[in-house]
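Basis for what follows: all heavy atoms, side chains included, without hydrogens, waters or symmetry-related copies.
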Amino acid sequence: MKLKLQGRYSLIIIVLVMAIAGILTSVQLIEFKQSFRALGDLQRDTLSEQLITSASEQGQRIAQQLAENLTNPLYYLSMEEIQQLLEVALAQPDITSVNV
């Protein structure tokens with residue numbers, strides 16, 4: 001079956017339009033994936049920074065409280081009170097060691 005010239009041109013134009021649409025769709029998908037990955041990396045980095053900051057602030061609060069509570073027992077060398085305060089500090093889930 002032979003197509004007329006008008007049919008051939010129509011077929012060529014349709015094929016070209018579909019090819020261009022396919023290429024544009026592929027490019028958009030690639031850009032979307034890259035943007036989505038970049039957003040995920042940014043969120044992960046931000047969350048990591050927030051967790052580190054939170055842990056650091058909590059550690060500083062505990063250290064400050066411990067320093068305030070140890071002032072008198074250290075001055076009077078009350079080893080029992082010092083031991084009790086250190087045990088309370090070590091009972092915190094995020095505390096692994098305490099040095100005086």
Side-chain angles (χ1 to χ4, degrees):
M1 172 174 95
K2 288 191 173 187
L3 292 175
K4 294 183 181 180
L5 190 57
Q6 183 180 5
R8 288 182 196 164
Y9 285 143
S10 296
L11 187 61
I12 289 172
I13 290 173
I14 290 172
V15 169
L16 285 175
V17 168
M18 290 179 70
I20 291 170
I23 290 170
L24 291 175
T25 301
S26 298
V27 169
Q28 288 294 326
L29 282 174
I30 290 170
E31 288 180 5
F32 176 75
K33 285 181 181 180
Q34 290 173 346
S35 297
F36 194 70
R37 247 186 236 123
L39 180 62
D41 292 344
L42 179 63
Q43 286 178 339
R44 184 188 67 237
D45 293 344
T46 302
L47 183 59
S48 295
E49 289 174 14
Q50 289 174 347
L51 288 173
I52 290 170
T53 301
S54 174
S56 176
E57 289 172 355
Q58 182 181 1
Q60 289 174 354
R61 280 192 303 270
I62 292 172
Q64 181 66 32
Q65 288 175 345
L66 194 57
E68 290 172 3
N69 291 331
L70 280 173
T71 303
N72 286 335
L74 284 173
Y75 182 76
Y76 294 111
L77 292 174
S78 175
M79 298 307 279
E80 289 179 16
E81 284 186 63
I82 294 171
Q83 182 66 30
Q84 288 175 349
L85 288 170
L86 295 179
E87 287 174 359
V88 168
L90 285 171
Q92 302 296 319
D94 296 331
I95 305 296
T96 57
S97 65
V98 178
N99 295 319
V100 179

Got a second to check how far [X]'s [atom1] is from [Y]'s [atom2], nearest 0.5 Å?
X   : Y   : atom1 : atom2 : value
L90 : T96 : CG    : OG1   : 8.5 Å
N69 : Q65 : CG    : CD    : 7.0 Å
L51 : L47 : CG    : CG    : 4.5 Å
Q50 : S54 : CD    : OG    : 9.0 Å
E49 : S56 : CD    : OG    : 13.0 Å
I14 : Y9  : CD1   : OH    : 15.0 Å

- Do M79 and L70 belong together in a cluster built from hydrophobic side chains that touch within less than 4.5 Å?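 In one cluster with M79: L70, yes.
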- Query: Quick one: do I12 and V17 end up in the same hydrophobic cluster if we chain Ile, Leu, Val, Met, Phe, Trp and Tyr together by side-chain heavy atoms under 4.5 Å apart?
  - Reply: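 No, separate clusters.
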Looking at [Y], is its backbone amide N or carbonyl O close enough to the side chain of [X] to form a donor-acceptor pair, meaning the two atoms are under 3.5 Å apart?
X   : Y   : result
T46 : L42 : yes
T25 : A21 : yes
T71 : A67 : yes

- Message: Taking CD in E80 as the centre, count heavy atoms belonging to other residues, nucleotides or ligands within less than 6.0 Å. Is the count above 12?
- Response: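 For E80, atom CD is not crowded (no more than 12 foreign heavy atoms under 6.0 Å).
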- Task: For the residue pair L66 and L86, establish whether any side-chain heavy-atom pair is separated by less than 4.5 Å.
- Result: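 Touching, per the 4.5 Å side-chain cut-off.
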- Task: Assess whether side chain to side chain contact (heavy atoms under 4.5 Å, CB included) is satisfied between R8 and L11, documenting all intermediate values.
- Result: CA-CA 5 Å; R8 288 182 196 164; L11 187 61; 5.7 Å; no
- Task: Heavy atoms only: give me the nearest P73-I82 pair and the separation to one decimal.
- Result: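 P73 and I82 have their closest heavy atoms at CB-CG1, 3.7 Å.
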- Task: Using only heavy-atom distances, determine whether the side chains of Q64 and E68 contain a donor-acceptor pair under 3.5 Å.
- Result: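 Q64 vs E68: donor-acceptor pair found between side chains.
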